[in-house]
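Report on one structure; see the data block that follows.
Computation of the quantities below employed the complete heavy-atom set of this structure, encompassing side-chain atoms and omitting hydrogens, waters and symmetry-equivalent molecules. None of the values given here were measured: they were computed from a predicted structure. Whatever order the structure lists ligands and atoms in, that order sets their numbers, starting from 1.
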Amino acid sequence: MDRKEIAKGMLDGAIFYHGHRCPAMPLGLRAGLYALDLLGVERCRAHELHLVCESGPAHATMCFVDGAMYATGCTYGKGAAHRVNIGKNAIILVEMSSNRAVRVAVKPEFFEQAMQSEFVRLRSQGIPPQDIAPEIVNPLIDRVMSLDDGEMFNASDIFEMTIKRPVGTFDLKRCDGCGEAVFGNCVQEQNGRLICLECAGGVDKGLVK
Ligand SMILES: [Zn+2]
Ligand SMILES: [Zn+2]
C-alpha cells in the first residue's frame with residue numbers, strides 16, 4: 001500500500017487521539033510515514049526507533065508532533081520520543097539498532113503558505129480549533145493528505161546518529177519522606193533516608209519546559 005493510503009487509514013484514529021481536526025497533525029502523520037519509508041523500517045512497537053521532535057515549547061503548528069508520534073509509534077510515554085525545543089516542524093527518525101537516521105522537515109515555502117490560511121488566522125485570534133468550521137479546516141486536511149511528500153517535505157540522506165537514552169529501571173523504592181513508590185533512578189539519600197526528588201525540594205510540577 002502506498003503511503004498516502006496508509007495515512008488515510010490512520011487519519012481517524014490520529015484525529016481521535018489528537019482531539020481535534022487541524023492541518024498540522026495530519027502533516028506530522030505524513031512526515032512520520034515518510035520517515036519510516038525512507039529508513040525502510042516498520043512502525044515502532046517498543047523501543048526499536050526513536051523520534052527527535054524539533055518543535056519548540058509553544059508555537060502554532062505544534063500539533064505536527066502528535067501526528068508524527070502516531071505515525072511512527074514513537075511516543076513520548078514509552079520514552080521513544082523527545083523534543084529539542086528549537087521551533088521547527090522537523091523530525092529525525094532513528095533506528096536504534098543501527099544508528100541510521102533520517103530527517104524530514106516541512107518545506108519553508110509550504111510552511112509559510114500554510115501560515116497564511118484562514119484556519120491559522122482564526123487560531124491566532126484565540127478561536128479553539130474545534131470551533132472552526134469544517135468548511136475551513138477540511139480542505140486543508142484534504143490537501144495535506146493528497147499532496148506528494150516531495151511537495152511538502154525536505155528529506156535528508158540517511159546519516160548516523162546516536163540517541164543517548166537512559167535504560168529503563170525496574171527498581172522500585174519507597175520514599176522515606178512521603179511514603180510514595182518511586183523508581184530508583186529518581187531517589188536520593190539524605191541523612192541516611194531515601195527520599196524522592198519532590199521531598200528533596202525544588203520540583204515545580206507546574207513548569208512546562
Ligand atoms: Zn491540532
Ligand atoms: Zn517523597
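Between the side chain of K173 and the backbone N or O of V182 there is no donor-acceptor pair closer than 3.5 Å.
Residue E151 qualifies as enclosed at atom CD: its count of foreign heavy atoms under 6.0 Å is above 12. Within 6.0 Å of atom NZ in K88, 12 or fewer heavy atoms from other residues, nucleotides or ligands are found, so the atom counts as exposed in its surroundings. Around CD of E118, the count of heavy atoms belonging to other residues, nucleotides or ligands within 6.0 Å exceeds 12.
Judged by distance alone, the side chains of T169 and N185 never bring a donor and an acceptor atom under 3.5 Å apart.
Nearest heavy atom pair, residue D149 against residue R3, reads OD2-NH2, 2.6 Å.
Its N, O or S atom nearest to the Zn ion (ligand 1) is what matters here, and for H20 that atom is NE2.
For the pair SG of C63 and NE2 of H18, the angle whose vertex sits at the Zn ion (ligand 1) is 100° to 10 degrees.
Under the 4.5 Å side-chain criterion, counting only non-hydrogen atoms from C-beta, L194 is not in contact with R174.
Listing protein N, O or S atoms at distances below 2.8 Å from the Zn ion (ligand 2), with waters left out, gives C175 SG, C178 SG, C196 SG, C199 SG.
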